[in-house]
Amino acid sequence: MSEQPLNPTPAGSDDADATPAGPARTGSTAADALARTAADDAAAGVTAAAGPTRETTPGEATPDGTAPPGDVTADGSTPGSSMPGDVTADDDALRAASFERARRLRMEPRFPGGPAADPAGSHHERRIRSFQPRRSRVTTGQQESLERLWPQWGLDIDGKRVLDLTELFDGLPVVLEIGFGMGEATAQMAADDPGTGILAVDVHTPGQGNLLGLADKAGSTNVRVANGDAVILLREMLAPESLDGLRVYFPDPWPKARHHKRRLIQPAFLDLVAPVLKPGAIVHCATDWEPYAEQMLEVLTAHPRFENTAGDGGYAPRPAFRPLTRFEGQGLDKGHVVHDLLFARV
């Protein structure tokens, strides 16, 4: 069934009577019918957009049980037309409505009560981003964790409120982790240091469910999972000097030169980070991509609000609290060199 928009004739115009509204007259010869059709078409200026001459009353089903040509169905389509090719303003309107329905479907949460697809509507904001949302398959276990634990330990980054981290973490010092993948390292750090709260941010739904499940299995209550854009979180939802640290482990290196502007560690990003960190709070970055490590070191060293904790002004040894991640292990197997950077907020 092809879709064809309705192009009604304005009421009261000379063309209003060109198409019969009631049943066709009977008792006419074929020649008379053809003559009437030609005359009607000429008078009404019938085009493909207007559809064929109606032989049923409005709303009346055709003999094959379909909606009559020109009628608009409940979903906004106009079944019964067989005249493609002409594009009218109504075509554009129907196409826009279709795009809007698709957009709303993308924004609906995959799990009712779980993480929203786009909590802040941030895709409308014209800004270069360092991430691409991924919607890979969610396992049964991850889905169960999301449905059961998200109301308690999850939050959407909607940009509509300032978080009270003291209340959210029962008074624990809080570090922010941006990008946790499948959450294995985050869950281990939470279990190893129950006296520190971890606000873990990511947009990967399977990873969110996996981290919630791992934390629950380990009995860790010091993890909160935030869904959405970390820039909006830093800019609009964190109070000044509310964080005790920032962790950015193995962010996307965006290796192509034309994509370097998408890298997370940039001067503008550090400008957002500095005000929400307490004095002395540590920014801890790690990467196995050598050119990105060099850029991180250069950008952090040049920023006036951060100071390198490494005595030689270079990279730091991996701290004992940062576990080896699966991704890191894969990089080491390929011969990659992992660099850690630890800078204190001054």
Side-chain angles (χ1 to χ4, degrees), residues 115 119 129-131 133-134 145 149-150 153-157 163 165 168-170 172-216 218 220-235 237-239 242-253 263-265 269-270 272-274 276-278 281-288 292 296 300 306 316 318-328 338-345:
R129 284 173 179 75
S130 63
F131 65 92
R134 296 171 294 158
S145 296
L149 299 171
W150 186 264
W153 289 347
L155 62 97
D156 282 320
I157 301 174
L163 299 177
L165 297 183
L168 191 63
F169 287 91
D170 299 323
L172 296 176
V174 179
V175 297
L176 173 65
E177 182 178 358
I178 299 177
F180 55 79
M182 294 305 293
E184 296 97 337
T186 305
Q188 184 174 336
M189 289 187 290
D192 292 344
D193 185 12
T196 298
I198 300 178
L199 179 58
V201 180
D202 210 307
V203 294
H204 189 218
T205 309
Q208 293 167 346
N210 201 57
L211 175 55
L212 289 171
L214 291 172
D216 182 54
S220 302
T221 59
N222 56 330
V223 176
R224 302 293 181 270
V225 179
N227 168 57
D229 190 340
V231 168
I232 293 176
L233 176 70
L234 290 164
R235 189 180 64 198
M237 297 182 66
L238 293 177
S242 58
L243 291 176
D244 292 84
L246 170 67
R247 298 169 180 170
V248 183
Y249 299 153
F250 305 97
D252 194 326
R263 289 176 173 174
L264 181 63
I265 306 302
F269 174 75
L270 297 180
L272 288 176
V273 169
V276 299
L277 291 176
K278 297 176 182 178
I282 297 296
V283 173
H284 183 192
C285 301
T287 181
D288 68 335
Y292 197 9
M296 289 179 174
L300 283 162
F306 296 98
R318 179 177 65 87
F321 67 81
R322 183 179 74 76
L324 286 172
T325 67
R326 179 179 58 180
F327 180 84
E328 182 178 3
V338 176
H339 291 292
D340 285 75
L341 302 92
L342 284 86
F343 279 71
R345 194 272 212 187

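Atoms considered below: every heavy atom in the structure, side chains included; atoms not considered: hydrogens, waters and symmetry mates.
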Exercise. side-chain contact (heavy atoms from CB on, under 4.5 Å) between V248 and T287: does it pass, once the steps are laid out?
Worked result: CA-CA 9 Å; V248 183; T287 181; over 6 Å; no
Exercise. Who passes side-chain contact (heavy atoms from CB on, under 4.5 Å) against S145, sequence neighbours left out?
Worked result: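 By the side-chain contact (heavy atoms from CB on, under 4.5 Å) rule, S145 matches L149, L212.
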Set of residues satisfying ring pair (Phe, Tyr, Trp, His ring centres under 6.0 Å) with respect to [X], sequence neighbours excluded:
{"X": "H284", "value": "Y249, F321"}
{"X": "F250", "value": "F327"}
{"X": "F306", "value": "H303"}

For residues [X] and [Y], report the shortest heavy-atom separation together with the two atoms involved.
{"X": "L211", "Y": "A200", "value": "CD2-CB, 3.9 Å"}
{"X": "W150", "Y": "V225", "value": "CH2-O, 3.6 Å"}
{"X": "N222", "Y": "P194", "value": "ND2-CA, 3.5 Å"}
{"X": "P115", "Y": "T205", "value": "CG-CG2, 4.5 Å"}
{"X": "W153", "Y": "S220", "value": "CH2-O, 3.3 Å"}

Could you give the distance from [atom1] ([X]) to [atom2] ([Y]), rounded to the nearest 0.5 Å?
{"X": "I232", "Y": "L238", "atom1": "CD1", "atom2": "CG", "value": "12.0 Å"}
{"X": "L246", "Y": "C285", "atom1": "CG", "atom2": "SG", "value": "6.5 Å"}
{"X": "F169", "Y": "T196", "atom1": "CZ", "atom2": "OG1", "value": "10.5 Å"}
{"X": "M237", "Y": "D229", "atom1": "CE", "atom2": "CG", "value": "11.5 Å"}
{"X": "D244", "Y": "L277", "atom1": "CG", "atom2": "CG", "value": "9.0 Å"}

Among all residues two or more places apart in sequence or in another chain, which pass the side-chain hydrogen bond (donor to acceptor under 3.5 Å, both in side chains) test with [X]?
{"X": "D192", "value": "none"}
{"X": "S242", "value": "none"}
{"X": "R322", "value": "E328, D340"}
{"X": "N210", "value": "none"}

For residues 172-191, run the donor-acceptor check on the side chains, cut-off 3.5 Å, and write out each pair with its distance to 0.1 Å, sequence neighbours left out.
unit_1: E177; atom_1: OE1; unit_2: T186; atom_2: OG1; d: 2.8
unit_1: E177; atom_1: OE2; unit_2: T186; atom_2: OG1; d: 3.0

Problem set entry | Test log, rule side-chain contact (heavy atoms from CB on, under 4.5 Å), inputs T221 and D170 | CA-CA 10 Å; T221 59; D170 299 323; over 6 Å; no
For this session: Keeping the roles fixed (side chain from Y292, backbone from P251), state whether a donor-acceptor pair exists under 3.5 Å.
Result: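 No.
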Problem set entry | Any donor-acceptor N/O pair, R224 side chain to L199 backbone, under 3.5 Å |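 Not at all, since once roles are kept as given, no pair shorter than 3.5 Å links the two residues.
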Problem set entry | Chi angles and distances behind the side-chain contact (heavy atoms from CB on, under 4.5 Å) call for I282, R345 | CA-CA 6 Å; I282 297 296; R345 194 272 212 187; over 6 Å; no
For this session: Report the residues that fulfil salt bridge (charged side-chain N to carboxylate O under 4.0 Å, His left out) with D288, sequence neighbours left out, ordered by chain and then residue number.
Result: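 Per chain and number, D288 pairs via salt bridge (charged side-chain N to carboxylate O under 4.0 Å, His left out) with no residue.
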For this session: Please determine, by modelled atom types, if D202 and Q208 share a side-chain donor-acceptor pair under 3.5 angstrom.
Result: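 No donor-acceptor contact under 3.5 Å links the two side chains.
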